[in-house]
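Index from 1, following the sequence.
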Amino acid sequence: MLEAAVACLAEHGWAGSTVSVVAERAGVSRGAAQHHFPTREDLFTGAVEYVAEERSAALRALPVQGRTAVLAALVDLYTGPLFRAALQLWVAASNEAQLRPRVTELEARVGRETHRIAVELLDADESRPGVRETVQGLLDMARGLGLANVLTDDHARRDRVVAQWARLLDEALG
């Protein structure tokens, strides 16, 4: 059901994603859905959190194949359906006071975890001046590439940007 919720949010946005729509897609009754997730906010924040945790586990399991492969995997995190769903949740939270604190806390937690994983995968030494900011800049750049990809397929430009960032990371991280 959680994966169905993320898919609905990514495809239909907040306005088009209801508990009923998700329940139908997941093949369960609306009552069963509401038994597990009493509110719409519970369902969608739970769904984004679940999929983010799954993606983090997949990132942690990546064999270290060099910084370019790690960078590409991190960028993929921000160009897929999870990011689209999270983006819809962010937009909804910007207008809905009851959702805002939940999404803010969730995104802070996911952001910290993604940063930790990136540091680990990139074998970055954050005790060196500027390294923490370089990794954060990489994640901010990846998020920006994800935003650019929302309206059009930006794959060709993204590949060039990722290749350049990989060269910059090698210089910055040693």
Side-chain angles (χ1 to χ4, degrees), residues 1-62 70-118 121 136-162 165:
M1 191 155 84
L2 295 173
E3 290 175 2
V6 168
C8 285
L9 199 54
E11 291 170 18
H12 307 295
W14 178 255
S17 297
T18 64
V19 174
S20 295
V21 168
V22 172
E24 182 179 326
R25 184 176 189 137
V28 301
S29 71
R30 186 174 194 274
Q34 287 189 303
H35 173 74
H36 295 287
F37 301 99
T39 68
R40 182 179 185 204
E41 291 80 10
D42 291 335
L43 173 61
F44 288 107
T45 55
V48 169
E49 182 173 24
Y50 165 76
V51 176
E53 288 171 5
E54 291 291 307
R55 184 64 179 140
S56 291
L59 282 173
R60 274 190 235 94
L62 277 177
V70 169
L71 180 55
L74 289 167
V75 168
D76 285 348
L77 175 68
Y78 291 101
T79 56
L82 172 60
F83 179 74
R84 283 182 179 269
L87 184 58
Q88 293 295 330
L89 208 53
W90 295 347
V91 171
S94 73
N95 295 311
E96 298 197 23
Q98 78 278 10
L99 187 58
R100 187 176 301 122
R102 295 178 74 172
V103 172
T104 302
E105 188 276 326
L106 171 62
E107 286 304 317
R109 192 166 12 102
V110 168
R112 285 188 304 271
E113 178 65 10
T114 302
H115 185 96
R116 273 193 294 277
I117 292 168
L121 291 172
Q136 191 57 52
L138 154 70
L139 295 173
D140 290 345
M141 180 270 308
R143 190 177 299 110
L145 290 173
L147 284 171
N149 198 57
V150 167
L151 297 176
T152 60
D153 181 6
D154 198 30
H155 193 77
R157 185 179 75 84
R158 185 171 60 246
D159 288 347
R160 291 189 308 274
V161 170
V162 167
W165 262 90

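Atom CH2 of Trp165 is separated from atom CG of Leu74 by 11.5 Å, given to the nearest 0.5 angstrom. Rounded to the nearest 0.5 Å, atoms CZ (Arg25) and NE2 (His12) are 6.0 Å apart. Taken to the nearest 0.5 Å, the CD atom of Gln98 stands 4.5 Å off from the CD atom of Glu41. Put simply, CG on Asn95 and CZ on Arg100 are 7.5 Å apart, with the number rounded to the nearest 0.5 Å. In this structure, the separation between CG on Leu9 and CG on Leu89 is 6.0 Å, given to the nearest 0.5 Å. Here the CZ-OG1 distance, from Arg102 to Thr39, works out to 5.5 Å after rounding to the nearest 0.5 Å.
Here the closest non-hydrogen pair linking Leu99 and Ala93 is CD2-N, 3.9 Å. In terms of heavy-atom proximity, Ala26 sits nearest to Ala4 at CB-CB, 3.9 Å. Scanning all heavy atoms of the two residues, the minimum distance from Leu106 to Thr45 falls at CD2-O, 3.8 Å. Contact between Ala33 and Val19 at its shortest, heavy atoms only, is CB-CG1, 3.8 Å.
Here side-chain hydrogen bond (donor to acceptor under 3.5 Å, both in side chains) pairs that include residues 85-94, with residues two or more places apart or in two chains, are Trp90-Glu107. Evaluation of the salt bridge (Lys or Arg N to Asp or Glu O under 4.0 Å) test over residues 139-152, restricted to residues two or more places apart or in two chains, returns Asp140-Arg143. Applying the side-chain hydrogen bond (donor to acceptor under 3.5 Å, both in side chains) test to pairs two or more places apart or on separate chains, those with a residue in residues 15-24 are Ser20-Arg30.
Under the side chain to side chain donor-acceptor pair (under 3.5 Å) criterion, Arg109 pairs with Glu49, Glu105, sequence neighbours left out. Every residue meeting the side-chain contact (heavy atoms from CB on, under 4.5 Å) condition with Ala5, not counting sequence neighbours, appears here in chain and number order: Val22, Leu43, Phe44, Ala47.
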Anything under 3.5 Å between a donor and an acceptor, one on a side chain of residues 149-156, the other on a protein residue two or more places apart or in another chain? List them.
residue : atom : partner : partner atom : Å
Asn149  : OD1  : Asp154  : N            : 3.1
Asn149  : OD1  : Arg158  : NH1          : 3.0
Asp153  : OD1  : His155  : N            : 3.0
Asp154  : OD1  : Arg157  : NE           : 3.4
Asp154  : OD2  : Arg157  : NE           : 3.0
Asp154  : OD2  : Arg157  : NH2          : 2.9
His155  : ND1  : Arg158  : NH2          : 2.8
His155  : NE2  : Asp159  : OD2          : 3.2

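For the pair Phe83 and Leu77, the minimum side-chain heavy-atom distance is 4.5 Å or more. No side-chain heavy atom of Val6 sits under 4.5 Å from any side-chain heavy atom of Tyr50.
The residues Glu96 and Arg40 are annotated as not salt-bridged, no charged nitrogen and carboxylate oxygen being separated by less than 4.0 angstrom.
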